[in-house]
Amino acid sequence: MAFYSGAIAITAPSTTDDNWALTAGASKSGKIYEVTWGGESTTSTAMRTRVARSSGQTGAATAITTAQLHPNSPAKGFGLASTFATTQPSLDGGDLLHLSWNSHGGVVRFLAAPGEEFVLIGAATELCISCRNAVGSGTSTYGLIWAED
């Protein structure tokens with residue numbers, strides 16, 4: 001199992017575009033082990049961020065730079081993006097993680113215990129897990145660590 005990480009700093013997160021979306025191709029499977037976000041605003045801003053399963057995105061993806069956590073890992077098979085050119089993913093009604101926080105220095109770190117990882121298995125249509133703000137647009141950074149089988 002190979003591990004990867006990705007992060008993005010956003011000056012004004014949107015409530016309609018993803019902070020990040022991790023997509024699995026048809027023959028790929030893996031798990032998200034860690035999700036983080038933190039505030040960088042100079043004033044207090046109420047924020048609420050969701051992580052949910054999503055689907056239906058179309059168009060070219062704006063890739064987020066990723067890193068292999070071990071230098072000998074194979075090239076990643078999942079796609080990590082911040083937006084899609086035509087249609088943003090539709091988030092499922094249920095959330096994997098949904099937390100309120102403050103962008104003036106607030107920090108969230110979800111580290112999955114064994115069995116709590118967010119599992120992503122590719123299908124005929126490209127499925128993904130998305131992180132998106134439900135409330136707030138304060139300057140912040142979002143990241144994740146995942147493994148691919």
So [Y] and [X], do their side chains get closer than 4.5 Å, heavy atoms only?
{"X": "T141", "Y": "W37", "answer": "no"}
{"X": "L144", "Y": "F118", "answer": "no"}
{"X": "I121", "Y": "L127", "answer": "no"}
{"X": "Q57", "Y": "S90", "answer": "no"}
{"X": "L120", "Y": "L22", "answer": "yes"}
{"X": "S137", "Y": "T45", "answer": "no"}
{"X": "W146", "Y": "K31", "answer": "no"}
{"X": "H98", "Y": "R50", "answer": "yes"}

* Asked: D149: what forms a side-chain hydrogen bond (donor to acceptor under 3.5 Å, both in side chains) with it, not counting sequence neighbours?
  ->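 Listed in chain order: S29.
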* Does E116 have any side-chain hydrogen bond (donor to acceptor under 3.5 Å, both in side chains) partners at least two apart in sequence or in another chain, and if so, which? -> none
* Which residue pairs pass the side chain to side chain donor-acceptor pair (under 3.5 Å) test when at least one of the two sits in residues 75-89, sequence neighbours left out? ->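 Qualifying pairs: T58-T87, T62-T83.
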Looking only at side-chain N and O atoms, does [Y] offer a donor or acceptor that is under 3.5 Å from a partner on [X]?
{"X": "S14", "Y": "T16", "answer": "yes"}
{"X": "S130", "Y": "W20", "answer": "no"}
{"X": "N133", "Y": "Y142", "answer": "yes"}

* Asked: Shared ILVMFWY cluster between Y4 and I129, side chains joined below 4.5 angstrom?
  -> yes
* Asked: Would I8 and I145 show up in the same hydrophobic cluster when neighbours are defined by side-chain heavy atoms closer than 4.5 Å?
  ->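 No, because I8 and I145 fall into different hydrophobic clusters, even though each may have its own neighbours under 4.5 Å.
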Testing the basics here: between [X] and [Y], what is the closest heavy-atom pair and its distance to 0.1 Å?
{"X": "M47", "Y": "P13", "result": "CE-CG, 4.2 Å"}
{"X": "K28", "Y": "A24", "result": "O-CB, 4.2 Å"}
{"X": "E34", "Y": "T36", "result": "OE2-CG2, 3.5 Å"}
{"X": "P74", "Y": "A2", "result": "CD-CB, 3.9 Å"}
{"X": "A9", "Y": "E40", "result": "CB-OE2, 4.5 Å"}

* To do: State whether the side chain of S41 and the backbone N or O of G39 hold a donor-acceptor pair below 3.5 Å, judged by distance alone.
  =>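 Not at all, since once roles are kept as given, no pair shorter than 3.5 Å links the two residues.
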* Does H104 offer a backbone N or O that forms a donor-acceptor pair with the side chain of N102 under 3.5 Å? ->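 Pair found, side chain donor or acceptor close to backbone of H104.
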* **Chi angles and distances behind the side-chain contact (heavy atoms from CB on, under 4.5 Å) call for F78, C128** => CA-CA 9 Å; F78 283 13; C128 66; over 6 Å; no
* Please go through L91's hydrophobic cluster and name the other residues, only I, L, V, M, F, W, Y counting, with side-chain heavy atoms under 4.5 Å joining them. =>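 Under the 4.5 Å side-chain rule, L91 groups with nothing.
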Can you measure from [atom1] ([X]) to [atom2] ([Y]) and round to the nearest 0.5 angstrom?
{"X": "S54", "Y": "R132", "atom1": "OG", "atom2": "CZ", "answer": "7.0 Å"}
{"X": "R48", "Y": "D95", "atom1": "CZ", "atom2": "CG", "answer": "9.5 Å"}
{"X": "L80", "Y": "T66", "atom1": "CG", "atom2": "OG1", "answer": "7.0 Å"}

* To do: Applying ring-ring contact (aromatic ring centres under 6.0 Å, His included), name anything that partners F84, two or more places apart in sequence or on another chain.
  => none
* **Partners passing salt bridge (Lys or Arg N to Asp or Glu O under 4.0 Å) against R53 (at least two apart in sequence or in another chain)** =>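 For R53 there are no salt bridge (Lys or Arg N to Asp or Glu O under 4.0 Å) partners, ignoring immediate neighbours.
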* To do: Using the six-membered ring wherever Trp is involved, compare the ring planes of F3 and Y33 and label them parallel, tilted or perpendicular (cut-offs 30° and 60°).
  =>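 Because their plane-to-plane angle lies in the 30° to 60° range, the rings of F3 and Y33 count as tilted.
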